Engineer: 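Quick one: this structure, given as C-alpha cells, is what I'll be asking you about.
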Amino acid sequence: MRRDPTDGICPPMPQSNITSDEVVVRFAPSPTGYLHIGGARTALFNWLYAKSKGGKFLLRIEDTDRERNSPEAVEAILDGLRWLQLDWDGEPVSQYERADRHRQIAMQLLADGNAYKCFLTQAELADMRETAEREKRSFRVKSPWRDRDASEAPADTPYAIRLRAPNEGETIIKDHVQGKVTYANKDLDDLIILRSDGSPTYNLAVVVDDHDLGITHVIRGVDHLTNAARQTQIYDLMGWKAPQWAHVPLIHGPDGAKLSKRHGALGAEAYREMGYLPVAMRNYLVRLGWSHGDDEIISTNQLIEWFDIDAINKAPARFDLQKLEAINGHWIRTSDDDELYERINHLLPHIPHGDAISQAFSLGAGMKLRALIPAMKERSKTLLDLLDGAKFLWAERPMAYDEKANKLLDESARAILGKLIPSLQHLPDWTPVPLETAIREFAEAEGLKLGKVAQPLRAALTGTTVSPSIFEVMAVLGEPETLGRLKDAAG
RNA sequence: GUCCCGUUCGUCUAGUGGUUAGGACGCUAGCCUCUCACGCUGGUAACACGGGUUCGAACCCCGUACGGGACACCA
C-alpha cells in the first residue's frame, strides 16, 4: 500500500541529548474487548513518545483475569493497533505467563518483612466495610494481621499476602501531566499482592513487569493515578527505581459524561469501517488534550517531532465526531488516489452490500471509481461518503431517481435532454473537454443557462442532484451508458 | 462519604501579570460555480462565581459552585 508522502514513519528526529538512557514505554491493555478510543489514544501517546525519543514501544497484555479475557480480544486490540499503524517493538508480553515471577517477588517481600500474611476472610472484610459505611467513615482495610504472627492463625486457613505499606508520611507522585500529587499514606491501605489462591494481583504484576521490562515512562489514563501511589510503595519497598509517570485525562462523551457507545466509545475497527483514515485518527486523537500552538492538521512526522508529554492538558476532552470528520476530510483530500482506492477495496468486505459492490468492481465499476477518485475525494468526509457518492457508477438502468432528481426531471427538463442527445452522438472524443464544449454550445444555441442543462443531466445520469462535475461523470460513465441513461430519462 | 484532579467561545484548544483574548470544528453571510464539496472573505460566540495580592489579573492565592477520577482477594 502506498503511503502518504507526508505521513512517513521514519522522520528525522531531533535527538534529545543529555540522557543516554533509552526511553522504554509500554501500552498495557487488558483484553476484555476491542481497542476503544481512549485506549487508542493512550497507545498513540506512548508510541509518539517512544518515536520522538528514539526509544522502544512495548506491548503487554494484562491478561491475569482469566475469566474476562479472551484470545479474540487480544487479536482485536492488536488489529486495532496495526490499523492505526502503531507498531510495537518485540513480541507482546503476556502478564499471565509471568505469574511465577510475580509470586517470587511477593515471597521476597514477605521474607523481607515488607509484606505479611493476612487471614481476614471475605466475610470479615464485608463486615468491616459495612460498619464503616454505617458509621459514615471512609473505609480502609486495617488488617489485624499486620502486627500479629501468622502462627496465631487457625490451621489450614487460607491467607492473602498484603503489602506492609507505610502508615505515616506521604507518597508523592511527580507526574508529567498531573504535576506533583501527594497522598497521605494513612489514606492508602495495605493492598493485597497475592490472593489466597496464590495468584498475583494487578498492582504487583504491573510493578514487577514494568521493572523487569525496563520501562522508563508509564503513560496511561488518570484512572490509574491512585495506583501510581500504591505502585510507588511497592517500588520503594523493593528498592527499585520507579518509572516516570504521565497520567493523561480520560476522553468524555459530547455531554461531558463518560464516553458511551452511542457517543463514540467504539472499537478502532468501527472507525475503520466508517471510513476513517488512520492518519486522521492519529491527528484527531492526539489533539484531544495535546496541542502545538495553532496547528490543527499535523502529519505523523510532525507529530513525532513535536509531541511531548509535558504539554498534555489535565482537563478531560470531549469526543467530537464532527471535528474528526473534518480532519478526516482533509486527509482524504490530500491522500494519494491509489492509496484511497486500495483502502476502499480493503473496506468492502466489512461493510453492508460490500460483496455486491466488490462484484461490480470486478466487472468494471472498479476502474470507473478509480478514475473518479480525484473528483470524489474533494467532497468526501469518509471513505463511506466517497463510496456512497459514487454508487451511481455501478447502478443499473433504468436509474432510480431520488426525490429531488425526480422533481427536477419534469417534462421540460426531459425535453431538453431529448434535444441534447443528438449533439452528443458524434463526438470525436468522449472526454470531459469536448463534452463540456458540446454541452455549452448546445445550451447557448437553446438560449439556456448551463445549469438548465447540467442539472437534468446530473439527475438523469446519477439519479441525484449532487455529483462531481457532470462532464467528468459522463466521461467516466462512458458513451453507451451515458446515452442509454439519457434516453431512459428523455423517454 | 473520603482522597485526588479539573473549569477560556457549543466543542477541541492558544494564552504563563499589561493582547482589540488568537486558531480550528460547528453555525452563519457572501464570493467562486453545472450541483455538492473544496477554496477564499466576513460574522457569531468564551476567561464558572466570589473574595484577595498587584498600578494592573484568564494567568498568582483563598473560598464556593459545577464536573471528573479513585476508593475490590478487577484490571
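The sequence lines fix the lettering, A, B, ..., with proteins before strands; numbering per chain opens at 1. Treat the numbers as computed from the prediction; the structure is a model and nothing was measured.
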Engineer: How many Å lie between CZ on Phe319(A) and C1' on rG68(B), as a whole number?
Structural biologist: 19 Å
Engineer: Using whole Å, report how far CG of Asn328(A) lies from P of rC38(B).
Structural biologist: 14 Å
Engineer: Kindly confirm or rule out a cation-pi arrangement of Arg60(A) over Phe27(A), judged by NZ or CZ under 6.0 Å from the six-membered ring centre and within 45° of its axis?
Structural biologist: no
Engineer: Determine whether a donor-acceptor pair (N or O, by modelled atom type, separation under 3.5 Å) exists between the side chain of Thr201(A) and the backbone of Ile192(A).
Structural biologist: yes
Engineer: Base, sugar-phosphate, or nothing for Pro249(A), non-hydrogen atoms under 4.0 angstrom?
Structural biologist: nothing
Engineer: Would you state whether a donor and an acceptor, one from the side chain of Arg379(A) and one from the base of rC36(B), lie under 3.5 Å apart?
Structural biologist: yes
Engineer: Less than 4.5 Å apart, any side-chain heavy atom of Tyr202(A) and any of Asp65(A)?
Structural biologist: no
Engineer: Given the structure, check if the side chain of Asp223(A) and the base of rG69(B) hold any donor-acceptor pair shorter than 3.5 Å.
Structural biologist: no
Engineer: Counting the atoms with a prime plus P, OP1 and OP2 as sugar-phosphate, which does Ser196(A) contact under 4.0 Å by heavy atoms, base, sugar-phosphate, or nothing?
Structural biologist: base
Engineer: Side chains of Leu424(A) and Met474(A), heavy atoms from C-beta outward: is any pair under 4.5 Å?
Structural biologist: yes
Engineer: Strictly below 4.0 Å: does Arg287(A) bring a side-chain N or O up to OP1 or OP2 of rU13(B)?
Structural biologist: no
Engineer: Under 4.0 angstrom, heavy atoms only, what part of the nucleic acid is Leu250(A) near: base, sugar-phosphate, or nothing?
Structural biologist: sugar-phosphate
Engineer: Is a donor-acceptor contact shorter than 3.5 angstrom present between the side chain of Lys323(A) and the base of rA24(B)?
Structural biologist: yes
Engineer: Looking for any heavy atom pair under 4.0 Å, which part of the strands does Arg318(A) touch: base, sugar-phosphate only, or nothing?
Structural biologist: sugar-phosphate
Engineer: According to a strict under-4.0 Å criterion, is Thr64(A) in side-chain N/O contact with OP1 or OP2 of rA75(B)?
Structural biologist: yes
Engineer: Is the phosphate of rA14(B) approached by Asn313(A) (side-chain N or O, under 4.0 Å from OP1 or OP2)?
Structural biologist: yes
Engineer: Heavy atoms only, 4.0 Å cut-off, all strands: where does Ile470(A) land among base, sugar-phosphate and nothing?
Structural biologist: base
Engineer: Would the base of rG23(B) count as contacting Glu296(A) through its side chain, where contact means a donor and an acceptor less than 3.5 Å apart?
Structural biologist: yes
Engineer: Quick one: the side chain of Asn227(A) and the base of rA75(B), do they pair up donor-acceptor inside 3.5 Å?
Structural biologist: yes
Engineer: Base, sugar-phosphate, or nothing for His224(A), non-hydrogen atoms under 4.0 angstrom?
Structural biologist: base
Engineer: Within the structure shown, what part of the strands sits under 4.0 Å from Arg68(A) by heavy-atom distance: base, sugar-phosphate, or nothing?
Structural biologist: base
Engineer: Once hydrogens and angles are ignored, does a donor-acceptor distance under 3.5 Å link the base of rC73(B) to the side chain of Thr201(A)?
Structural biologist: no
Engineer: What closest approach, in Å, do Ala115(A) and Ile193(A) show between heavy atoms, and which atom pair accounts for it?
Structural biologist: CB-CD1, 4.1 Å
